[in-house]
Amino acid sequence: QVQLVESGGGSVQAGGSLRLSCTLSGYTYSNICLGWFRQAPGKEREGVASIGTDGSITYADSVKDRFTISKDNSKNTLDLQMNSLKPEDTAMYYCAAGGSWILTPFRLQANQYTYWGQGTQVTVSS
């Protein structure tokens with residue numbers, strides 16, 4: 001059974017940093033597309049960053065140059081380093097896994113992903 005477990009959320013002041021981590025089990029780790037998504041109250045879930053099986057990375061414009069996605073195949077983990085955080089980054093953050101066939105233009109679309117973690121809250125105060 002595929003499981004994704006996020007950790008690392010918390011509260012931070014604007015300009016600060018947080019690092020989220022997701023541990024994946026029950027799947028062929030090297031053959032899946034992985035992504036980070038977030039959802040603020042009253043808003044739709046939005047893609048933040050994704051990394052494909054070939055290592056190609058996609059970022060949402062709102063987080064480019066501030067967030068960095070990375071994966072460690074030996075540890076089956078997916079990380080999201082978040083720097084220069086802003087109040088508008090406040091949301092529940094989820095990691096997700098989907099098939100290797102997800103094309104690059106669609107890697108930030110939530111409906112492309114099959115498996116989801118339970119989420120970790122990130123709160124940024126001004």
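Counting begins at 1 with the first residue of the sequence.
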**Request:** Kindly give the heavy-atom pair with the smallest separation between Ser125 and Pro87, and that separation in Å.
**Result:** C-CG, 4.5 Å
**Prompt:** Are Tyr93 and Trp116 connected in the hydrophobic side-chain network, where two residues link if heavy atoms are under 4.5 Å apart?
**Reply:** no
**Complete:** In short, Gly10 meets Leu18 closest at the heavy-atom pair O-CD1, 3.8 Å
**Flag if over 12 foreign heavy atoms under 6.0 Å of CG, Asn111** = yes
**Prompt:** Quick one: CG on Leu78 to CD1 on Ile32, what's the gap to the nearest 0.5 Å?
**Reply:** 9.0 Å
**Prompt:** Going only through I, L, V, M, F, W and Y residues with side-chain contacts under 4.5 Å, is there a path from Phe37 to Val2?
**Reply:** no
**Asked** Mind checking whether Val63 and Met82 sit in one hydrophobic cluster, side chains of I, L, V, M, F, W, Y counted as touching below 4.5 Å?
**Response** yes
**Request:** Can you measure from CD (Gln13) to OG (Ser126) and round to the nearest 0.5 angstrom?
**Result:** 9.0 Å
**Request:** Find the distance between CZ (Arg19) and OG (Ser70) and round it off to the nearest 0.5 Å.
**Result:** 5.0 Å
**Request:** Give a yes-or-no answer on whether the side chains of Gln81 and Asp79 include a donor-acceptor pair shorter than 3.5 Å.
**Result:** no
**Asked** Between Gly119 and Met92, what is the shortest heavy-atom contact and its length?
**Response** C-SD, 3.7 Å
**Request:** Could you tell me whether Phe67 and Trp36 have their ring centroids closer than 6.0 angstrom?
**Result:** no
**Prompt:** Does Thr90 use its side chain to pair, donor to acceptor, with the backbone of Val124 at less than 3.5 Å?
**Reply:** yes
**Request:** Could you pull out the closest heavy-atom pair between Thr53 and Ser100, with the gap in Å?
**Result:** CG2-CB, 3.5 Å
**Asked** Do you know which two heavy atoms are closest between Ala40 and Ala91, and how far apart they sit?
**Response** N-CB, 3.9 Å
**Item:** From CG (Leu85) to CZ (Arg66), nearest 0.5 Å
**Value:** 6.5 Å
**Message:** Can you confirm whether Leu34 sits close enough to Leu24 that some side-chain heavy atom of one is under 4.5 Å from a side-chain heavy atom of the other?
**Reply:** yes
**Message:** I'd like to know if Lys64 and Asp61 make a salt bridge, using a cut-off of under 4.0 Å between side-chain N and carboxylate O.
**Reply:** yes
**Message:** Using side-chain heavy atoms (C-beta onward) and a distance below 4.5 Å, is Leu108 in contact with Tyr59?
**Reply:** no
**Prompt:** Given the rule that I, L, V, M, F, W and Y join up when any side-chain heavy atoms are under 4.5 Å apart, are Phe106 and Ile69 in one cluster?
**Reply:** no
**Complete:** Rounded to the nearest 0.5 angstrom, the OG-CG distance for Ser25 and Asn76 is 8.0 Å
**Message:** So which atom in Asn83 and which in Ser17 form the shortest heavy-atom distance, rounded to 0.1 Å?
**Reply:** OD1-OG, 2.9 Å
**Message:** Between Tyr113 and Arg107 (side chain of the first, backbone of the second, donor and acceptor by atom type, cut-off under 3.5 Å), is there such a pair?
**Reply:** yes
**Prompt:** Does any non-hydrogen side-chain atom of Arg38 lie less than 4.5 Å from one of Leu80?
**Reply:** no
**Asked** Quick check: does any side chain N or O of Glu6 sit under 3.5 Å from a backbone N or O of Leu20, one acting as donor and the other as acceptor?
**Response** no
**Message:** Can you tell me how far apart CD (Gln112) and CG (Leu103) are? Round to the nearest 0.5 Å.
**Reply:** 8.0 Å
